[in-house]
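Structure first, then comments.
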Amino acid sequence: MQKKDTLVFDLIRKELERQRHGIELIASENFTSLQVMEAMGTVPTNKYAEGYPGKRYYGGCEVVDEIETIAIERLKKIFNASWANVQPHSGAQANAAVFLACVKPGEKVLGLDLSMGGHLTHGSPANFSGKNYQALFYGVKKETGLVDYDQLEATALKEKPKMIICGASAYSRDWDYKRIREVADKIGAVIMADIAHPAGLIAKGLLNDPFEHCHIITSTTHKTLRGPRGGIILLRHDFDNPWGIKDPKGNTRPMSQLLDLAVFPGTQGGPLEHIIAAKAVAFGETLTDDFTKYSRQILLNAQAMAKAFVSRGYNLISGGTDNHLMLIDLRNKNLTGKKAQETLDKAHITLNKNTVPFDDKSPFVTSGIRVGVPAITTRGMQEKDMETVVAMVDSVLMKPDDEANIKKVYEEVKIFMKQFPLYPELG
Ligand code: DSN
């Protein structure tokens, strides 16, 4: 019998304990259900299934065909979509496939600047999207912290990018998708909306619906959607390709076919069918009333948390939040994001440093932190608990060099989190 690899499994156990004891405020993280995790560790991982259900390059795909079809159908139902691809290994892979399908190397794309809350794959020079394409950016307005749609429009009309990208990693407000569509229509651009962060809230109709106005939607599955780590691409309307975009052989095809080809064989080989099985389970959960309640609680918690921070003199970019996260400028507290992250880590409170718009510090230091509530909401926290969490965060940040206080908060966090058990079935 094969000997259990205790070196690795002991560390996995240690990670479970870390997750159990800490307050998780990283806006992009969440805790999947046990059945989602269970599905990830199953035998479809052994199967090669290049292609799509009913059209694979390998034999023996009849069962994974059924699994992938369930994932697709459930996902379409969640978002009232007409087509979905559940194979992207991550959000970055989903975005890469959309770029490959819609833009030729060297052509222009327009996205939200990374330093203003955008994402690496929306044109950052460090990423394929900025290296292979000519990336242009819009930002947020200095006075309001809101997306500068006037700048977006002016840049789009002047530069005529082939694709406009909306969506963000660190933006706490809802989007005006209608306005973006009006701009795109003036120049014949495709719109890709990357809804990785707020997808679960959009699924439940709690934020504006990007599908009404944006041509292509991408997302991850592990943030507010609370599924396994992974990516997806969706269309509500299978555009008959008015842009005349061609496949690699020079044929004009519907957008759904161009995107399928861009995922496989364009950017990926064999799909991760065990992860697709877990996506199917998670999408089943998303369709339940319990998930509706969970998503509403995210919004209530985010509002309560924002209020608690503001009442302690924290400077929230844009003054508040419409979604699951907030971005806090720490300059009035004489702290960098780096110092805040590192100090809170010692107290077992996890979040990430983040640049704030018009930051004067580097992305390694930053002037801000990003705080999100999806994970603590999954743990069962409600509005009243936000006050407790913010009080602990504030206690650490106000005395960042007071090791005794940090230790005291660390102990308080451990006791507090016992009220919100995580995976008790795992012993
Ligand atoms: N890294 C993710 C986040 O934290 O928002 C985005 O991909």
Side-chain angles (χ1 to χ4, degrees), residues 19 22-32 88-99 109 111-130 135 137 140 147 165-175 192-202 207 210 216-234 267-268 275 279 298 302 305 317-318 321-328 337-338 340-342 344-345 349-357 359 363-364 366 368-378:
Q19 293 186 12
I23 298 180
E24 185 52 75
L25 299 177
I26 293 178
S28 47
E29 294 193 10
N30 213 329
F31 302 106
T32 72
H89 303 330
S90 67
Q93 291 288 108
N95 289 350
V98 176
F99 271 78
V109 296
L112 178 64
D113 199 310
L114 181 60
S115 71
M116 302 262 178
H119 189 254
L120 265 180
T121 56
H122 299 180
S124 162
N127 182 260
F128 80 90
S129 55
F137 299 101
V140 299
V147 163
I165 304 158
C166 55
S169 294
Y171 184 62
S172 65
R173 294 299 183 176
D174 207 350
W175 286 77
M192 177 181 95
D194 178 345
I195 62 167
H197 266 267
L201 304 174
I202 290 168
L207 291 172
I216 303 170
I217 311 290
T218 62
S219 182
T220 53
T221 45
H222 48 274
K223 298 185 175 89
T224 48
L225 272 180
R226 210 165 62 180
R229 305 195 83 75
I232 46 177
I233 311 177
L234 294 132
T267 49
Q268 293 188 171
I275 300 298
K279 286 176 178 171
I298 286 181
M305 179 173 273
I317 302 298
S318 84
T321 178
D322 296 330
N323 57 28
H324 61 296
L325 66 80
M326 56 216 75
L327 187 59
I328 303 178
K338 182 172 188 284
Q341 178 189 311
E342 288 172 0
L344 286 164
D345 244 349
I349 300 173
T350 326
L351 46 65
N352 64 286
K353 63 183 179 220
N354 217 102
T355 52
V356 293
D359 210 325
F364 298 103
T366 80
I369 48 173
R370 187 184 65 163
V371 187
V373 301
I376 55 175
T377 306
T378 296

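Computed from a prediction, not measured in an experiment: that's the story for all the values here. One-based numbering, in listed order, for ligands and for the atoms of each.
- Distance screen at 4.0 Å: atom 1 (N) of ligand 1 has no protein heavy-atom neighbour inside the cut-off.
- Side-chain contact annotation: His197 with Asn323, donor-acceptor N/O pair under 3.5 Å absent.
- Side-chain atoms of Pro210 and Trp175, non-hydrogen and from C-beta on, never get closer than 4.5 Å to each other.
- The contact set between ligand 1 and His119, taken as ligand atoms under 4.0 Å from a residue heavy atom, comprises 6 (C), 7 (O).
- Here is the list of ligand 1 atoms found below 4.0 Å of a heavy atom in Ser169: 5 (O), 6 (C).
- Using a 4.5 Å cut-off on side-chain heavy atoms (C-beta onward), Val109 and His122 make no contact.
- Shortest non-hydrogen contact noted between Ile376 and Met305 is CD1-CE, 4.0 Å.
- Interface of Ser28 with ligand 1, defined as ligand atoms under 4.0 Å from a residue heavy atom, comprises 3 (C), 4 (O), 5 (O).
- Contacts with ligand 1 closer than 4.0 Å are made by no heavy atom of Glu29, backbone or side chain.
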* **CA sep, side-chain torsions, deciding dist, call: Ser28, Arg370, side-chain hydrogen bond (donor to acceptor under 3.5 Å, both in side chains)** => CA-CA 10 Å; Ser28 47; Arg370 187 184 65 163; 3.2 Å; yes
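- Atoms of ligand 1 found under 4.0 Å from any heavy atom of His197 (numbered from 1 in listed order, with element): 3 (C), 5 (O).
- Close approach of ligand 1 to Arg370 is summarised as follows: ligand atoms under 4.0 Å from at least one heavy atom of the residue are 3 (C), 4 (O), 5 (O).
- Nearest heavy atoms, Ser172 versus Leu325: CB-O, 3.2 Å.
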